[in-house]
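Right, one structure below, let's go through it.
Please read these numbers as outputs of a predicted model, since none were measured by experiment. A, B, ... follow the sequence lines: proteins, then strands. Residue 1 opens every chain.
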Number of protein chains: 2
Amino acid sequence: MFELRLVQGSLLKKVLESIKDLVNDANFDCSSTGFSLQAMDSSHVALVALLLRSEGFEHYRCDRNLTMGMNLANMAKMLKCAGNDDIITIKADDGTDTVTFMFESPSQDKISDFEMKLMDIDSEHLGIPEAEYEAIIRMPSAEFARICRDLSSIGDTVVISVTKEGVRFSARGDIGAANIVCRQNATVDKPEDATIIEMQEPVTLTFALRYMNSFTKATPLAEQVTISMSSDLPVVVEYKVAGMGYIRYYLAPKIEEEEEEVAAHAQTKPRAETKLKVETKPKVEPELMEVAEDEKESKPPAESKPKEEPQLLECHKLDEESKPLVDGKPKVENKLGASTNGEIEIMDIEQ
Amino acid sequence: MFELRLVQGSLLKKVLESIKDLVNDANFDCSSTGFSLQAMDSSHVALVALLLRSEGFEHYRCDRNLTMGMNLANMAKMLKCAGNDDIITIKADDGTDTVTFMFESPSQDKISDFEMKLMDIDSEHLGIPEAEYEAIIRMPSAEFARICRDLSSIGDTVVISVTKEGVRFSARGDIGAANIVCRQNATVDKPEDATIIEMQEPVTLTFALRYMNSFTKATPLAEQVTISMSSDLPVVVEYKVAGMGYIRYYLAPKIEEEEEEVAAHAQTKPRAETKLKVETKPKVEPELMEVAEDEKESKPPAESKPKEEPQLLECHKLDEESKPLVDGKPKVENKLGASTNGEIEIMDIEQ
DNA sequence: CATCGAATGG
DNA sequence: CCATTCGATG
């Protein structure tokens, strides 16, 4: 039996709004650790990783690991029926192929339950590599969203360049070219307005704005966004889910051409789409999740540190032999970087 | 070299929103006097005249008169990328065919620049006639917009009748007829709510609501609108741009038929479109611009008074022999009425 | 269905 | 002044 209860139901609503445009169907992995999802977008260019840790819920019970395949659009539809102040309970009994969403109004005067059929989804189980990122930008999520939206009206592609002075977002297209430069401004006493750049090495990468704009659907979840970049690695765009975990989006960079070429190119023919290639992991290697320390201190993937003895959890499917938990709150190390299967590879398609 | 800097960038954004629906491509005329534009709408029925005087900018530099052909939709797109509080700088270097829009966020933490290609536009250089208007209505712009919108749901055409008692806007169509009468109410202590009618002669004119509704896109620019009318002359709908100048829209009246005929007509066949015919002035007669006194006192074209020796400025193209300026702030009289070229003529098409 | 613009609330 | 939401449009 699986049951979770979330008093701040609006969080779950926002989470679904943040991923439903990118992914049609996906498996939610339920374990004693938490409620999580990893999925590629339908065109296999981007990847979403969601983690909602069990500690973030007011009630959380997961007798056995379990995978629930859901149509995210339908799930979002149902969650839209919850008031923003409603308490949401998700329940799945063993041996049924349905999940139930329960919504309690704050006053307890209205109680709804919505039952949804589960789906059997070919689980491409994804290994997400950890990396040391050369540059990590932390900035107001609304500002990032605005920049991506603005640049979309100029071109399809954004070039993000990080230097010590700041970060530059550039686009060009038929009607002209644009550059937006954000200076570091950590000195603000309002931390939510800060723009902070941690840079080991200058990095310049190119991305499809279409996906960036999908990512920014998560803006309502967090006032700040973290953008982690390394040469030739997928960018990680992370939004924290307050007190519970995160949504991370991964997007492979477009293969860089020479600057001049890029410019000329943009005006003559569309650029080839670079795909984020993730090896599908056929239920062999257990899927891993990170349990980070308190939100305020947790760092982007690059900086997560091993804390305790790794606890492997098979989240992909029910596993009768799943390993014992550590006093009910298993500490699971992020083993992503160490994984030999399921690496993300950059593959240049069509060129 | 040409450069202007406007601290209240939202003004420029609004200006473009006010004209981009009416005009596709247009030449901006840059001179030491200011930044201006005259253009007919794409169907040659209406005319827009924009003037932003150099004194209205925080910085204004125009070494030589210069014409910049722009696609207004693209320009509007770029300006949309400026925040409402941003400072906007427009720059054009000599010998380039591009213009650069720079946006500085109030905190200076974000600086954007957008480069746009200029176009070579057949400049129909328009002479705009001045006239003594028989009736001038001054009223809240929002109220005027509301009236035009409301009447659009009844008919395609508005009849505006000015009498001493007030102004009547009428429309009729398949579903019925509507009359909206606004009384003069100058007594209000809130001047922005006042409706003032200056009338020498009762006037009744008929206009296509479609264009009126385009004009009201300028409503956000000014709390008051001025509507100047004379028999058989184009109406002038003017919105002041605070501290800088104006946008004026000109629209030729439809040829009046007898009231009954009009009613019957409207229900049987579409009315012929009356076109605003403007003689294209092939760079012969210098284009003139009005430099009005302080905004609060400046009057619509009909009432502008000669103040000093007229100063002619060739704004259409670089003119090495342009006349000297009066102590750097040229006072230019509106010579529109005196112009012998480029008159607006009413021409009844197709009937 | 999706995207864009307008109106309203924080 | 910015953000969200709703309505309208292609």
For [X] and [N], give me the distance from atom [atom1] to atom [atom2], rounded to whole Å.
X        : N     : atom1 : atom2 : value
B:Lys217 : C:dA6 : NZ    : P     : 6 Å
A:Asn213 : C:dA2 : CG    : P     : 16 Å
B:Leu79  : C:dG5 : CG    : C1'   : 17 Å
A:Glu17  : C:dA2 : CD    : C1'   : 15 Å

Subject >> Any B:Lys80 side-chain nitrogen or oxygen under 4.0 Å from OP1 or OP2 of C:dC4 >> reply: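 No, B:Lys80 has no side-chain N/O under 4.0 Å of OP1/OP2 on C:dC4.
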Set of residues satisfying salt bridge (charged side-chain N to carboxylate O under 4.0 Å, His left out) with respect to [X], sequence neighbours excluded:
X        : value
A:Asp21  : none
B:Arg146 : B:Asp150
B:Lys20  : B:Glu17

Original post:
Sequence neighbours excluded, which residues qualify as side-chain contact (heavy atoms from CB on, under 4.5 Å) partners of A:Ala178?
Top reply: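 Residues passing side-chain contact (heavy atoms from CB on, under 4.5 Å) with A:Ala178: A:Leu151, A:Ile154, B:Phe114.
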Subject >> Residue list, side-chain contact (heavy atoms from CB on, under 4.5 Å) with A:Ser18, at least two apart or on another chain >> reply: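 Testing A:Ser18 for side-chain contact (heavy atoms from CB on, under 4.5 Å), a comparison that skips the adjacent residues, returns A:Ala218, A:Leu221, A:Ile247, A:Tyr249.
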At a cut-off of 3.5 Å, list every protein nitrogen or oxygen paired with a nitrogen or oxygen from nucleotides 2-10 of chain D, distance to 0.1 Å.
{"residue": "D:dC2", "atom": "OP2", "partner": "B:Asn84", "partner atom": "ND2", "Å": "3.4"}

Subject >> Validation row, ring centre A:Tyr239 to ring centre A:Tyr246 under 6.0 Å >> reply: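 No, ring centres 6.0 Å or more apart.
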